[in-house]
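Please read the structure below before turning to the comments.
Naming convention: chains lettered A, B, ... in sequence-line order (proteins, then strands); numbering from 1 in each chain.
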Amino acid sequence: MSTETIEAIVDRLSHKEGPLLPILHAIQAQQGFIPSDAVGLIGKKLNLSRAEVHGVVSFYHDFKTESGGVNTVQICRAEACQSVGSELLEEHAKASLKLDWGETSDDGQITLEPVYCLGNCACSPSVRINDDIYAKVDAARFDELVTQIRKNN
Amino acid sequence: MTKIYIPQDTVSCALGADAIAVALADANKSVDVEIVRNGSRGLFWLEPLVEVEHNGKRIAIGEFSGSDVTSLLDAVSTGKFESLKGYLGDIEQHDYMRDQDRLTFARAGIADPLCIDSYRALNGFKGLERALALSPQAIVDEVREAGLRGRGGAAFPTGIKWQTVLDTSLEAPEIQKYIVCNADEGDSGTFADRLVMEADPYQLIEGMVIAGLAVGATRGYIYLRSEYPKAHRLLDAAIERAEQANYLGADILGSGKCFDLEVRLGAGAYICGEETSLLNSLEGKRGVVRAKPPLPAIEGFLGKPTVVNNVLTLAAVSSILCDGADAYKNFGMGRSRGTLAFQLAGNIKRGGLVELAFGTTLRELVEGYGGGTHSGKPMRAIQVGGPLGAYLPESQWDTPLDYESFAAIKAMVGHGGIVVFDDTVDMSKQARFAMEFCAVESCGKCTPCRIGSVRGVEVIDKIRTGTEPDNNMVLLKDLCDTMEFGSLCAMGGMTPFPVRSAIEHFADDFSKK
């Protein structure tokens with residue numbers, strides 16, 4: 001991501017009250033993560049120290065500091081999903097993808113992440129793939145979804 | 001022209017509603033139908049719930065799938081729906097809907113959530129029109145009179161909070177004030193905020209404008225969790241349309257009053273549902289809890305007087321201003337007035353949203369509405385109020401659901417989430433998860449929460465594996481006390497609730513397997 005692109009994003013959003021999260025979201029939407037160059041640059045523009053910006057990036061689960069897979073697959077680990085067997089789904093996902101939380105598949109297609117509640121608690125277990133949410137996901141359905149992702153790319 | 005309604009909310013789409021809409025559009029050519037993407041009515045176990053408008057009546061068909069499209073279109077041409085798989089008839093007469101007290105969710109699922117005309121036709125913006133004719137103090141009085149308490153979980157009287165913000169004008173008449181909507185609905189088992197935002201977003205917008213008029217705030221933010229991408233798109237679109245129709249902006253309905261509204265996205269931190277963390281996050285900082293005082297009502301967003309209210313609280317304000325305080329406070333019991341959106345979740349046969357006056361019992365909800373467990377096994381434990389709420393054993397299921405009765409048994413109604421577990425649950429594992437979740441999501445500001453939760457996981461692991469279980473149980477109880485009394489906010493302060501309730505009511509699960 002070029003310096004100009006980052007500066008353009010900061011300039012477009014810096015008039016907002018409390019602009020840092022909108023800026024980080026915009027950079028991540030474009031790049032997939034927050035490049036380390038961006039941290040200092042944002043700080044300079046917003047009159048914050050590099051440490052302050054880094055502190056914010058590292059505080060929130062959503063912000064990444066390195067590129068992940070093309071698709072982010074999140075499995076809900078919260079109580080409602082636990083009550084209908086999400087733990088088995090977690091184990092199945094990790095074993096079938098050969099990934100632990102936060103890891104990306106060798107083909108660069110899938111990053112596996114935990115998530116705590118997708119608000120779909122009446123039709124658990126829930127899975128989110130990018131911006132789509134899937135309900136009542138068992139192991140077989142999970143495999144279907146993964147096959148679909150790989151086919152689409 | 002026959003209208004066919006296919007919901008567009010998260011749950012329906014998670015169960016294939018988009019594919020149904022596509023299949024119907026493709027098959028559309030020979031029959032004259034119009035597809036309306038409505039919101040969900042909250043009967044999630046029946047989703048995708050498709051409705052057909054026929055001879056002025058709506059006919060519902062539950063658990064619809066793409067392969068049912070042809071038979072549905074045949075039924076549209078013959079007018080015979082009864083034999084369709086999943087036929088439900090008039091959904092408002094369904095036993096799940098009929099006896100609900102739907103105030104906040106009265107409109108949910110009826111129309112396209114972004115259609116302003118439909119919203120107006122169903123009493124929308126009447127509360128705002130009335131508020132525009134009232135003085136700020138009269139609006140605050142109306143909300144206080146209704147007995148509305150914060151629906152986010154803490155149940156603080158909304159009218160008193162608003163009065164504090166209004167009164168800051170006495171010393172600083174020109175000060176900028178803010179309305180912040182807490183839409184960081186992170187508790188597992190809750191989805192009522194999401195349903196308001198996805199099925200009836202103008203109600204939230206209307207409530208926020210009324211709040212602005214009441215306290216003299218001209219700017220508002222909706223702090224929305226990033227786990228709700230669909231709500232995000234719908235809210236952004238609704239705000240744009242409301243601006244075009246003069247319900248937001250510089251001159252609301254020609255009154256000369258102004259209110260600007262913007263959605264801000266969180267970034268996956270549960271703690272940002274705590275109001276002071278939320279304000280820090282909104283300011284672009286780490287979502288760390290602030291010490292109170294100062295109260296956000298006096299020094300909130302950017303140090304300015306700020307109302308922070310939950311989605312359901314602000315939505316309720318619209319109906320209170322529309323129908324009057326008396327109509328609202330006639331629902332409920334004791335000091336818990338109005339209705340609560342109970343959310344039936346987890347291992348339950350008929351999961352969904354049930355809006356009822358306070359005072360019903362947990363048993364009526366999970367057995368009557370919920371129909372027992374999804375697995376068909378006996379229910380064993382019910383967690384009420386999210387990850388910081390206690391697990392209740394069967395002996396407590398007849399407690400009336402109101403704030404005070406639940407507080408008396410060391411439980412909380414909270415945001416109304418109800419998560420059911422069957423008899424395969426291992427409660428020592430659930431206690432461990434409560435600590436683990438706190439360790440993952442603690443903001444790190446205070447030691448009892450940050451370190452206590454990590455030690456909590458370790459000590460529960462020792463108990464579960466039979467390492468000096470009696471001594472470690474003493475330690476765990478002591479740790480719970482330290483966390484409860486030493487933490488700055490409810491995250492560390494209430495994580496002991498699920499843990500203690502598991503120890504107290506399900507002691508057998510803690511002895512070595």
Side-chain angles (χ1 to χ4, degrees), chain A residues 13-14 16-26 28-29 42 46 48 52-64 74 76-87 101 113-137, chain B residues 10-11 13-15 44-45 47 185-191 193-194 219 221 225-231 262 264-270 281-288 301-302 343-348 351-353 374-375 383 386-387 417 419-422 425 430 433 437 440-441 443:
Chain A
L13 296 168
S14 61
K16 286 182 181 287
E17 295 178 308
L20 187 50
L21 261 65
I23 288 170
L24 293 173
H25 274 302
Q28 184 152 299
I42 295 167
L46 298 185
L48 297 169
E52 282 170 307
V53 180
H54 173 76
V56 171
V57 172
S58 59
F59 182 87
Y60 296 96
H61 299 303
D62 281 5
F63 298 130
K64 317 285 177 225
Q74 293 181 318
C76 180
R77 292 199 65 215
E79 290 89 340
C81 285
Q82 290 168 17
S83 75
V84 283
S86 63
E87 247 179 286
W101 297 131
E113 289 180 356
V115 68
Y116 296 92
C117 198
L118 295 165
N120 183 38
C121 317
C123 302
S124 298
S126 305
V127 167
R128 177 176 177 177
I129 301 176
N130 306 321
D131 268 355
D132 292 319
I133 288 160
Y134 299 88
K136 300 180 185 170
V137 181
Chain B
T10 297
V11 178
C13 291
L15 292 163
F44 292 130
W45 95 97
E47 296 292 358
E185 186 178 47
D187 289 354
S188 176
T190 63
F191 40 72
D193 293 352
R194 183 182 56 69
R219 276 186 216 163
Y221 292 98
R225 65 199 302 255
S226 62
E227 289 85 348
Y228 285 178
K230 206 171 271 290
E262 186 184 332
R264 284 292 177 85
L265 215 50
Y270 174 77
S281 183
L282 201 58
E283 290 179 8
K285 298 173 184 157
R286 296 157 61 86
V288 173
F301 182 56
L302 302 172
Q343 297 136 78
L344 301 184
N347 196 333
I348 192 139
L353 184 122
H374 181 260
S375 62
Q383 187 177 32
V419 179
V420 175
F421 291 80
D422 71 13
V425 68
Q430 297 309 121
F433 179 78
F437 182 69
V440 173
E441 296 296 338
C443 81

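Heavy atoms closer than 4.5 Å to chain B are found nowhere in A:Asp132, neither backbone nor side chain. For a residue to count as touching a neighbouring chain, one of its non-hydrogen atoms must lie under 4.5 Å from one of that chain's; by this rule B:Phe433 touches chain A with the side chain only. Only the side chain of B:Gln430 comes within less than 4.5 Å of a heavy atom of chain A; its backbone N, CA, C and O stay farther away. Of the atoms belonging to B:Val11, heavy atoms from both backbone and side chain fall under 4.5 Å from chain A. B:Val440 touches chain A through backbone and side chain together, each having a heavy atom under 4.5 Å away. When heavy atoms are compared at a cutoff of 4.5 Å, A:Ser126 does not approach chain B at all. For A:Glu87, the part sitting under 4.5 Å from any heavy atom of chain B is the side chain, from C-beta outward, and nothing else.
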* Give the intermediate values and the outcome of side-chain contact (heavy atoms from CB on, under 4.5 Å) for residues A:Glu79 and B:Phe421. => CA-CA 9 Å; A:Glu79 290 89 340; B:Phe421 291 80; 4.0 Å; yes
* To do: Could you go through the side-chain contact (heavy atoms from CB on, under 4.5 Å) check for A:Cys121 and B:Phe44 one step at a time?
  => CA-CA 9 Å; A:Cys121 317; B:Phe44 292 130; over 6 Å; no
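Most heavy-atom pairs under 4.5 Å with chain B, from the set A:Glu52, A:Lys136, A:Lys16, A:Gln74: that is A:Lys16. Highest contact tally toward chain A, considering only B:Gly351, B:Pro387, B:Pro229, is held by B:Pro229 [criterion: heavy-atom pairs under 4.5 Å]. Comparing B:Leu302, B:Leu344, B:Leu265, B:Val288 by how many heavy-atom pairs each has under 4.5 Å with chain A, the most go to B:Leu265. With chain A as partner, the option from B:Glu283, B:Arg219, B:His374 having the largest number of non-hydrogen pairs under 4.5 angstrom is B:Arg219. Of all the listed residues (B:Gly417, B:Cys13, B:Gly266), the one sharing the greatest number of non-hydrogen pairs under 4.5 Å with chain A is B:Gly266. Among B:Gly186, B:Ala231, B:Gly386, B:Ala345, the residue with the largest count of heavy-atom pairs under 4.5 Å with chain A is B:Ala345.
Taking the six-membered ring for Trp and the full ring otherwise, B:Phe437 and A:Tyr116 have centroids separated by under 6.0 Å.
Here the shortest heavy-atom pairing between A:Val115 and B:Glu227 reads CG2-CG, 4.0 Å. Scanning all heavy atoms of the two residues, the minimum distance from B:Ala269 to A:Tyr60 falls at CB-CD2, 3.8 Å. Contact record, A:Val56 with B:Gly284: CG2-O, 3.5 Å, taken as the closest heavy-atom pair. In this structure, A:Ala122 and B:Gly352 approach most closely via the heavy-atom pair CB-N, 3.8 Å. Minimum interatomic distance between B:Gly189 and A:Cys117 (heavy atoms only, all atoms of both residues): N-SG, 4.4 Å. Scanning all heavy atoms of the two residues, the minimum distance from A:Ser58 to B:Arg286 falls at OG-NH1, 4.3 Å.
Side chain of A:Ser124 to main chain of B:Gly346: no donor-acceptor pair is present (N/O by atom type, distance under 3.5 Å, no hydrogens or angles).
Between A:Gln82 atom CD and B:Gln383 atom CD the span is 8.5 Å, to the nearest 0.5 Å. Atoms OG and NE2, on B:Ser226 and A:His61 in that order, are 10.0 Å from each other to the nearest 0.5 Å. The distance from the CG atom of A:Asn120 to the OH atom of B:Tyr228 is 9.5 Å, given to the nearest 0.5 Å. Taken from CD in B:Glu47 to SG in A:Cys123, the straight-line distance is 7.5 Å, to the nearest 0.5 Å. A distance of 10.0 Å separates CZ in B:Arg225 from CG in A:Asp62, rounded to the nearest 0.5 Å.
Between B:Ser281 and A:Leu21, some side-chain heavy-atom pair lies under the 4.5 Å cut-off.
For B:Ser375, the side-chain contact (heavy atoms from CB on, under 4.5 Å) partners at least two apart in sequence or on another chain are B:Asn347, B:Thr373, B:Lys377, B:Asp422. With sequence neighbours excluded, the residues forming a side-chain hydrogen bond (donor to acceptor under 3.5 Å, both in side chains) with B:Arg264 are B:Glu262, listed by chain and number.
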